[in-house]
Amino acid sequence: MPEAETKDSSDKEKENAKQDEKDKDTAAGKKSPKGSAKSKPDSAKGKPDSAKGKPGSAKGKPDSAKGKSAPAKSPTPGKAPAKAGGKGDKKKKEEPKTETPTDAEATEEEGLPEGVVPLFLSSKTQEIFHCRMDEDVTVDNPIKIITKDEIMEDLRMRAGVCDFAPLKQDIINYPTDEILVVYDSEFKFGQNFYVALTEEAKEKILSAGVEDAEGEGAEAEEEIIYTYTPPESKEWVSLGSEKEIKEENVVENRRRIKVSVRRIRKEFGAPAKFSDRNVADAKDGYIECKGYDDRTFDLKKLELDKSTQAIPTLQEEGTQTDWKYPRNANTQYYPREFSNQEKDAILSSKNLPNFISDVTPRFKAALQQNEIMDVFFIDWLHLGDGDQSFGSKADNHLKEYQSFTDLQFSKEKRITCIQWHPTIKGVVAVSVAEKMTFDDRIDSAAKVIMTPSLILIWSFTDPIHPQLLLEAPDDIYSFQFNPSDPNIIAGGCYNGQVVLWDISAHADRLKQQRGGNRNKKTNVLPGFEDPNALKTPIVRYCAVSSIENSHKATITDLLWVPDHMEVNRMGVPQENKSLQNFVFCFWDTRPPKGPSQLLTKKTDDKGPKNPMGVPNTFKHLDLSWKPFLRVHLHKSEPGGDHSPTKFSISEKQGDRGSLNKATDGLDTSKSDAMGGGYYSSMKPGSGKEKRTLQSVKTHFYVGSEDGEVVFVDWMPQKDQDTGKIQTPKPDYYHAVHDGPVMSLQRSPFFNDVVLCVGGWTFTIWKEGINSGPILQSCASPVRYTAGFWSPSRPAVFFIAKVDGSVDVWDILDKTHEPSLTQSVSPVQITTIFPFPVSQKQHLLAVGDNAGTLHILEIPWSLRQPTPNELATVSNYVEREVKRRSFVVQRWDFREHEKREIENELKKKAGIAPNVTLTDEEVEYRMKQEYHQFKEEEQSFLRELGLLKEEDEPLPET
């Protein structure tokens, strides 16, 4: 024992000396690759219990499961580990002491190595660079070498979509052409891969992998083989369990009851005869056993755990009522009259003259009042009808109310969409985009990526600075506030992705009154001003759809489905009991059904918050969001599909009339139905509880880039040719516009009347009329860019043009030309949106191609409806529908008349047969034509050399 202790102390002294030498080398700037490479695997092997160890820490010996670390290599190769004496010398070996790692090495083991950056590579990127997980790279072979040229080529092709975009500058500065990428299967550094951005980190990772392989081979040689020893039987040691067993046994504590039954021997086996008798015939014929409380009864009630499931009983009952024959019944009433005696008595009474003399003055006054004015006339309903002089020609034009432009974010850009805030008055949002064609975007891709894509939210209280800036991954071409929760905003990008924002944290900023920022500034003590207090906050999007499942082209129109309905995967409209908007354009914003929802909530509460301040409202949708129903617009004839730009559904927000006609039914969706709740606490519901909305129309209008108006059903059906479930072909479509459809909107007063603007014309459609529009304008000398119905007058709508002017049309005044044309901007107008701020003030928002938002005030004559205007427009639409049906009848009549004239001419010329062919003759003629076609086809193939003629067989001899 003293010798062993002396040897251990000497080993410790040597190890301390070596450790001091290493510390000196490290302080002097010297590096020892061999030593550091060895210390890594050794230290990793010494910590088998660590969950964040290096690759190889999971490979330990069986002893490590029992709390012992695996034997490490001795730092001195010439010395063997010392053995301790005792009884277990043959079976066990004393484990040598491991080297104590330095502080730098311990830091490298616990955290991220220097020069190494974790990186997430998507499945598409893995396919491009041939580093697919568990196929090209595995746990045993995690290293992948990628050339610098391949990464730069991918950055030029995919730009910001490339996963190496955050490391672009580091890759450009990398000295050599080969970059090391390592597969991190256990996500130790937070991502599925990590990249070595320096040559030192690359050599360190490669050398560590070689030494790990050598160390594993050495450990395999040093494995100890244990022999199995069968267990030996031992004596029973009582711990008190036999008492419990004895208590559970049943022991008789009461004396048994003995009963003796006797009977005469001759009566054994005799047949028994039973009969009825009266109870009173025999004594004690009826004995009543009444219940009573036995005071001597003593029994403790045992506590039992029982469960009962209450299930409502289902009963089906029917009642048949007797139908009686209907009969007409009437009752005749006669007026109650005084008799002659009663009349004489009343006329001869003295009270009658007194009564008449008292009532006569009041009666005359009432007659005079009725002559002067109508007492039943309601002044409030007819208030303003007589003020026809107000709003003269001098006041019959649009007035400039305010204009908004930002020199940094919206100048020299194009306004693509305008939306007024649904609840806060005086707040309007606009989206801006670069004025570039597709080819220009490709040529200047680097500039487009570096330029922020924003939505600017303006307030009338501050016309210089926007209140909020919503950041997007690409230019936004359409967006809309959620009508149920205006703090939720959805937008469509130029690259086809759908984005969601949550501005709940900045809602108070939008409600701020004029001068709020200045008041805050004065209340702050001098010297303690916050420089960021007056800056416009930038809100980052909280969810974006995955690129693989997004649209393939620009999203030009977007709409929230009304909150009282939802659409399942089979396109069936159902009742939304939660009365919240969760689905728009057939995208679902709710979390999936299952245990993943609970896990998401736990991580949101206890996990780390997002460092960029993005709310976790739609964290479950970010980069994994995909639509659950796609509508493909196939053409009726072969030749491609329709390219949609605008669409309009019949169901409107707030119109809950369809809920009254809902029918109970099961959800026909093939997947789990999504139920109610709200964004932060949403729970999927059962499809059995939802009612199908039979009155909701699943057909909707779509405008295309070719100027076509398509009427199609979004509910998928089974195709008869292919047998697949897909969107049916359109019911009809008409190419009536000579340019792409720019606006498609339903009238706010007539749900089945649609305004369509495209090219140089506009049309008005009536749902149910398949032959064409009920009103089509003549071609304008200037191309139209947008259109919108008036929110207060049924007969008025606004149309924007390329030359910067706005046309105001009144179909009750004239339909061949606009009632008012006013120039608004010197450049092209891109979009318009009228909005009623109050009953006495209506504003028209106009966005142009220079990034300026013009707010115009609508005059009284264009916002105040004329008497009976709604009924007049309704009659006008009915007349146009009748005119359209008459035109269709005339078309059919002229077509039939033309065919008859052609047949008469053919008969006179002897071309057409005078008699009609029978079915057999028609079939024979068709066969002849088919054989003739086959012969011509074979001769054509022979001329091309595609058909080889087979030699005829020789005749048999």
- Task: Could you tell me how the ring of Tyr732 sits relative to the ring of His734: parallel (under 30°), tilted (30 to 60°) or perpendicular (over 60°)?
- Result: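 Answer is tilted, since the angle falls between 30° and 60°.
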For [X], look at atom [atom1] and say whether over 12 heavy atoms of other residues, nucleotides or ligands are found less than 6.0 Å away.
X: Glu923; atom1: CD; value: no
X: Asp641; atom1: CG; value: yes
X: Lys435; atom1: NZ; value: yes
X: Lys898; atom1: NZ; value: no

Please tell me whether [X] and [Y] have a donor and an acceptor in their side chains that are separated by less than 3.5 angstrom.
X: His699; Y: Asp731; answer: yes
X: His737; Y: Thr761; answer: yes
X: Asn751; Y: Ser650; answer: no
X: Thr556; Y: Ser478; answer: no
X: Asp475; Y: Ser453; answer: yes
X: Ser504; Y: Asp502; answer: yes

- Evaluate salt bridge (charged side-chain N to carboxylate O under 4.0 Å, His left out) for Asp752 paired with Arg746, printing each intermediate quantity in order. CA-CA 7 Å; Asp752 54 351; Arg746 292 180 182 268; over 6 Å; no
- Message: Given 3.5 Å as the limit, does a donor-acceptor pair link the side chain of Gln745 with the main chain of Trp789, or not?
- Response: yes
- Query: Counting distance only, does the side-chain N/O of Asp738 pair as donor-acceptor with the main-chain N or O of Trp760 below 3.5 Å?
  - Reply: yes
If you compare all heavy atoms of [X] against all heavy atoms of [Y], which two are closest, and at what distance to 0.1 Å?
X: Phe481; Y: Trp420; answer: CD1-O, 3.8 Å
X: Ile555; Y: His551; answer: CD1-CD2, 3.6 Å
X: Met715; Y: Asp713; answer: N-OD1, 3.1 Å
X: Pro422; Y: Pro486; answer: CD-CB, 4.0 Å
X: Gln497; Y: Ser546; answer: NE2-C, 4.4 Å
X: Ile476; Y: Cys493; answer: CD1-SG, 3.6 Å

Is it the case that the ring center of [Y] lies less than 6.0 angstrom away from the ring center of [X]?
X: His842; Y: Phe835; value: no
X: Phe711; Y: Tyr733; value: no
X: Tyr541; Y: Trp501; value: no
X: Phe762; Y: Trp809; value: yes
X: Phe788; Y: Phe833; value: yes

Side chains of [X] and [Y]: does their closest heavy-atom pair fall under 4.5 Å?
X: Val753; Y: Trp765; value: no
X: His816; Y: Cys778; value: no
X: Thr830; Y: Thr416; value: no
X: Glu895; Y: Trp891; value: no
X: Phe750; Y: Val877; value: no
X: Leu862; Y: Ser790; value: no
X: Phe749; Y: Val873; value: no
X: Ser550; Y: Ser545; value: yes

- Task: Provide the full list of side-chain hydrogen bond (donor to acceptor under 3.5 Å, both in side chains) pairs with a residue in residues 768-785, sequence neighbours left out, each pair given once.
- Result: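 As it turns out, the side-chain hydrogen bond (donor to acceptor under 3.5 Å, both in side chains) pairs with a partner in residues 768-785, which skip direct neighbours, are Ser771-Arg884.
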Nearest 0.5 Å please: distance from the [atom1] atom of [X] over to the [atom2] atom of [Y].
X: Ile649; Y: Leu559; atom1: CD1; atom2: CG; result: 5.0 Å
X: Phe479; Y: Cys417; atom1: CZ; atom2: SG; result: 4.5 Å
X: Thr727; Y: Lys729; atom1: OG1; atom2: NZ; result: 12.5 Å
X: Arg414; Y: Ser431; atom1: CZ; atom2: OG; result: 10.0 Å
X: Ile774; Y: Ile769; atom1: CD1; atom2: CD1; result: 8.0 Å
X: Ile799; Y: Met742; atom1: CD1; atom2: CE; result: 12.5 Å

- Message: Apply side chain to side chain contact (heavy atoms under 4.5 Å, CB included) to residues His642 and Glu708 and explain how you reach the verdict.
- Response: CA-CA 8 Å; His642 300 282; Glu708 300 166 333; 2.6 Å; yes
- Item | Full working for ring-ring contact (aromatic ring centres under 6.0 Å, His included) between Tyr701 and Phe647 | CA-CA 6 Å; Tyr701 282 98; Phe647 70 96; over 10 Å; no
Only one of [options] clears side-chain contact (heavy atoms from CB on, under 4.5 Å) with [X]; which?
X: Val702; options: Val709, Val712, Val741, Val631; result: Val712
X: Ile415; options: Val846, Thr831, Ile829, Leu456; result: Thr831
X: Leu744; options: Leu755, Val757, Val754; result: Val754

- Message: Run the side chain to side chain contact (heavy atoms under 4.5 Å, CB included) test on Lys801 and Asp807 for me, step by step, so that the C-alpha distance in whole Å, both residues' side-chain angles and the decisive distance to 0.1 Å come before the verdict.
- Response: CA-CA 8 Å; Lys801 296 189 294 186; Asp807 288 347; 3.3 Å; yes
- Begin with the C-alpha distance, continue with both residues' side-chain angles, and end with the deciding distance and a verdict on side chain to side chain contact (heavy atoms under 4.5 Å, CB included) for Leu454 and Glu471. CA-CA 5 Å; Leu454 302 172; Glu471 187 180 8; 4.2 Å; yes
- Task: Verify salt bridge (charged side-chain N to carboxylate O under 4.0 Å, His left out) between Arg894 and Glu897, making sure each step is shown before the conclusion.
- Result: CA-CA 5 Å; Arg894 291 299 182 186; Glu897 187 179 25; 2.9 Å; yes
- Are Glu880 and Arg883 within salt-bridge range, i.e. N to O under 4.0 Å?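 Salt bridge between Glu880 and Arg883, a charged N being under 4.0 Å from a carboxylate O: yes.
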- Task: Using a strict 4.0 Å threshold on nitrogen-to-oxygen distance, state whether Glu548 and Lys124 make a salt bridge.
- Result: no
- Query: side chain to side chain contact (heavy atoms under 4.5 Å, CB included) between Phe798 and Ile858: does it pass, once the steps are laid out?
  - Reply: CA-CA 11 Å; Phe798 306 89; Ile858 301 175; 4.0 Å; yes
- Query: Please walk me through it: do Glu434 and Arg441 pass salt bridge (charged side-chain N to carboxylate O under 4.0 Å, His left out)?
  - Reply: CA-CA 9 Å; Glu434 295 289 341; Arg441 283 179 175 269; over 6 Å; no
